[in-house]
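All figures in this text were calculated on a predicted structure; none of them were measured in a lab.
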Amino acid sequence: MEASLTRVKNEPDLVAPGWTLYSMCRESVEFRQGDRQRRHTRLVYVPSPDGWSKQMLWP
């Protein structure tokens with residue numbers, strides 16, 4: 001990160017003028033696994049003191 005920041009500072013034309021950076025803060029991550037009968041499996045992971053906690057969503 002430090003090397004990249006230094007390079008951008010030293011080479012201002014390296015980044016296009018219209019370039020935009022978006023930063024996201026994760027509150028949860030959801031995964032879905034499809035099913036032919038449309039009974040999809042939905043899992044959500046949320047931060048917990050021990051790392052990540054997994055929960056099943058319904059349906």
The side chain to side chain donor-acceptor pair (under 3.5 Å) partners of E30 (sequence neighbours excluded) come to R32, R42

If two hydrophobic side chains count as joined below 4.5 Å and joins carry through other members, does L5 share a cluster with W19?
no

Sorted by chain and residue number, the side-chain contact (heavy atoms from CB on, under 4.5 Å) partners of Y45 (sequence neighbours excluded) come out as F31, L43, W52, K54

Apart from Y22 itself, its cluster of hydrophobic side chains linked below 4.5 Å comprises none

With sequence neighbours left out, the residues meeting side-chain contact (heavy atoms from CB on, under 4.5 Å) with L14 are R7, V8, E11

Residues at least two apart in sequence or cross-chain that pass side-chain contact (heavy atoms from CB on, under 4.5 Å) with E27, listed by chain then number, are none

With sequence neighbours left out, the residues meeting side-chain contact (heavy atoms from CB on, under 4.5 Å) with T6 are N10

